[in-house]
A.B. asks: 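What follows is a single structure, and I will ask about it in a moment.
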Amino acid sequence: MTTSTSTTDQQDPTPTVPEVPLLNVGVLGARGRMGTEVVKAVNAADDLELVAMVDDGDWLFDVANAGAQVVVDFTRPDVVMDNIRFCIDNNIHCVVGTTGFDEAKLATIAEWLEPKPDIGVVIAPNFGIGAVLLMKFAQEAARFFPSVEVVELHHPNKVDAPSGTAVRTARLVAAARRAAGLPASPDATTDSLPGARGADVEGVAVHAVRLTGLVAHQEVLMGAAGETLTIRHDSFDRASFMPGVLLAVREIGRHPGLTVGIESFLGL
Ligand SMILES: NC(=O)C1=CN([C@@H]2O[C@H](COP(=O)(O)OP(=O)(O)OC[C@H]3O[C@@H](n4cnc5c(N)ncnc54)[C@H](O)[C@@H]3O)[C@@H](O)[C@H]2O)C=CC1
Ligand SMILES: O=C(O)C1=N[C@H](C(=O)O)C[C@H](O)C1
C-alpha cells in the first residue's frame, strides 16, 4: 500500500525564529568626522536601522517623524543642549559624544528628564574602550603618586581645548586624590609665560597639543620619588569609538535618567 501526504499536511522542518524588531536610530552631526563613522557603523549593524541623518540645520529627515528611538549626537558644544532638549521632549533616548558639559549643564539635563522617567541620556566624554580604561586606571593609581599631570593630543581641527576626556580624567584623578587625603601636586614653578603650565582643573595641570597627523591621544603622567608611571591611550582611527557608541545605543533604553560615561554599560 502506498500512502501519500498532501503538501498542506507536511510540517516545515525549519524552526521559526521570532523576529526581533530593529532599533531605529537617528544621527545628529551626520556629515561630521564622527557622524560619518556612526552612520557607517549603524548601517553595518543587523539590529539597528538608520532612520534619520541631520547636519547643521539640514534636516535630511525629521528625527521624530522618522520614528527614531535613539539619537546619537556628535555636533558642537554650542548646539548640543538644544538637541538634547528636543529629543527628551519627543521621548527619544540620547547617546551624546559631543563635549562641553559642566556640572550646571548636567543638572539642567537631569531636570529635563524628571517628567520623563522612561527616557535615558548618556553623556560620554569618550566612547573608546581604551580611553575609558585609561580613566579607570588613572583613578586607581592616583593615590600613590604625589605628582600628576594630563597631556591630551588631538588633530588640529578640534573645536575645544582641553578635550572633554582630559577634563573628566583630571576631575576623576583629583577626586581620588582628595579621597586619599593627598595634598596638592608639588609645583614650585612660577609661569614666566602665561599658559606654560597648562590649565588648572581642580588642581591637576592639563596640557593640550594640536598637531596635524594626530587623531585623539592622551597621557596621564604620575610621579613619585625615583619613579614615574605614564598611562597612555591612542585612537588612531575614529572606528575606535564605534564599539562604545553602538553599546550605548543598545543599552540606553534600559538605563533611564542621566548617565555620565559608558563605564556602567561595560560593567566597570
Ligand atoms: N565622546 C567621544 O568619544 C568623542 C567625542 N567627540 C566630540 O564630538 C564632537 C564632534 O566632533 P567631530 O565629529 O570631530 O566634529 P565635526 O566638526 O567634524 O562634526 C560636527 C558636525 O555637526 C554638524 N552640526 C553643527 N551644528 C549642528 C546642529 N545644530 N544639528 C546637527 N548637526 C550640526 C556640523 O555641520 C558638523 O558636520 C566634538 O565635541 C568632539 O569633541 C569626538 C570624537 C569622539
Ligand atoms: O574632538 C575629538 O576628536 C575628540 N573629542 C573627545 C574629547 O574632547 O575628549 C573625545 C576624543 O578625545 C576625540
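In each ligand, atom 1 is the first atom listed, and ligand 1 is the first ligand listed. Since the structure is predicted, the reported quantities are computational estimates derived from the model, not experimental observations.
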A.B. asks: State the atoms of ligand 2, each with its element, that fall below the 4.0 Å cut-off from a heavy-atom position in A216.
C.D. replies: 11 (C), 12 (O), 13 (C)
A.B. asks: Considering only heavy atoms of S163, which atoms of ligand 2 have at least one such atom less than 4.0 Å away?
C.D. replies: 7 (C), 8 (O), 9 (O)
A.B. asks: Would you say R210's side chain and K158's backbone share a donor-acceptor pair under 3.5 angstrom?
C.D. replies: no
A.B. asks: Have a look at ligand 1 and work out which part of A124, if any, has a heavy atom under 4.0 Å from it: side chain, backbone, both or neither.
C.D. replies: backbone
A.B. asks: Parallel, tilted or perpendicular: which fits the ring planes of H217 and F236, with parallel below 30° and perpendicular above 60°?
C.D. replies: perpendicular
A.B. asks: Under 3.5 Å between some N or O of ligand 1 and some N or O of G35?
C.D. replies: no
A.B. asks: Does any N or O in the side chain of S185 come within less than 3.5 Å of the main-chain N or O of V148, such that one atom is a donor and the other an acceptor?
C.D. replies: yes
A.B. asks: To which protein heavy atom is atom 9 (O) of ligand 2 closest, and what is the distance rounded to 0.1 Å?
C.D. replies: T165 OG1, 2.5 Å
A.B. asks: Can you list the ligand 1 atoms lying under 4.0 Å from a non-hydrogen atom of G29?
C.D. replies: 21 (C), 22 (O), 23 (C), 31 (C), 32 (N)
A.B. asks: Hey, is the main chain of S163 close enough, under 3.5 Å, to the side chain of E152 for a donor-acceptor pair?
C.D. replies: yes
A.B. asks: Is there a polar contact, in the sense of an N or O pair closer than 3.5 Å, between V159 and ligand 1?
C.D. replies: no
A.B. asks: Numbering the atoms of ligand 1 from 1, which are under 4.0 Å from a heavy atom of N126?
C.D. replies: 1 (N), 2 (C), 3 (O)
A.B. asks: If you define the side chain from C-beta out and look only at heavy atoms, does anything of F241 sit under 4.5 Å from V38?
C.D. replies: no
A.B. asks: Can you confirm, on distance only, whether ligand 1 has an N/O atom lying under 3.5 Å from any N/O atom belonging to T75?
C.D. replies: no
A.B. asks: Would D118 and K116 pass as an ion pair if we require N to O under 4.0 Å?
C.D. replies: no
A.B. asks: Of the backbone atoms (N, CA, C, O) and the side-chain heavy atoms from C-beta on, which set of F74 has a member under 4.0 Å from an atom of ligand 1: side chain, backbone, both, or neither?
C.D. replies: both
A.B. asks: Checking N24 side chain against G67 main chain: does a donor-acceptor pair fall under 3.5 Å?
C.D. replies: yes
A.B. asks: I'd like to check which ligand 2 atoms, numbered from 1 as shown, lie under 4.0 Å from a non-hydrogen atom of H154.
C.D. replies: 2 (C), 3 (O), 4 (C), 11 (C), 12 (O), 13 (C)
A.B. asks: Out of H155, K158, R168, whose heavy atom is nearest to atom 3 (O) of ligand 2?
C.D. replies: H155
A.B. asks: Does ligand 1 have a heavy atom under 4.0 Å from the side chain of V79, from its backbone, from both, or from neither?
C.D. replies: side chain
A.B. asks: Taking only heavy atoms of T99, which atoms of ligand 2 are found under 4.0 Å from at least one of them?
C.D. replies: 6 (C), 7 (C), 8 (O)
A.B. asks: Using heavy-atom distances, let me know which of R33, H155, R31 sits nearest atom 16 (P) of ligand 1.
C.D. replies: R33
A.B. asks: Tell me which one of A161, P125, A166, S235 gets a heavy atom nearest to atom 10 (C) of ligand 2.
C.D. replies: P125
A.B. asks: Could R178 and E202 be called an ion pair, given the rule that one side-chain N must be under 4.0 Å from one carboxylate O?
C.D. replies: yes
A.B. asks: Main chain of K105, side chain of D102: is a donor-acceptor contact present, judged purely on distance under 3.5 Å?
C.D. replies: yes
A.B. asks: My understanding is that only one of T75, T99, I123 makes a side-chain contact (heavy atoms from CB on, under 4.5 Å) with V80; could you say which?
C.D. replies: T75
A.B. asks: May I ask whether G164 places a heavy atom under 4.0 Å from ligand 1?
C.D. replies: no
A.B. asks: Using a strict cut-off of less than 4.0 Å between a Lys/Arg side-chain nitrogen and an Asp/Glu carboxylate oxygen, indicate whether R171 and E103 qualify as a salt bridge.
C.D. replies: no
A.B. asks: Minimum distance, heavy atoms only, to atom 36 (C) of ligand 1: which one of V96, D56, D55 is it?
C.D. replies: D55
A.B. asks: Is the closest N or O pair between G164 and ligand 2 shorter than 3.5 Å?
C.D. replies: yes
A.B. asks: Is a side-chain donor or acceptor of T98 paired with a backbone partner of D73 at a separation under 3.5 angstrom?
C.D. replies: yes
A.B. asks: Scan I119, V71, V72 and name whichever one has a side-chain contact (heavy atoms from CB on, under 4.5 Å) with H93.
C.D. replies: I119
A.B. asks: Under a 4.0 Å heavy-atom limit, does S163 contact ligand 1 with its side chain, its backbone, both, or neither?
C.D. replies: neither
A.B. asks: Does an N or O anywhere in F127 fall below 3.5 Å from an N or O of ligand 1?
C.D. replies: yes
A.B. asks: Looking only at non-hydrogen atoms, which of K158, R238, M242, M34 approaches atom 11 (O) of ligand 1 most closely?
C.D. replies: M34
A.B. asks: State the atoms of ligand 2, each with its element, that fall below the 4.0 Å cut-off from a heavy-atom position in N126.
C.D. replies: 10 (C), 11 (C), 12 (O)
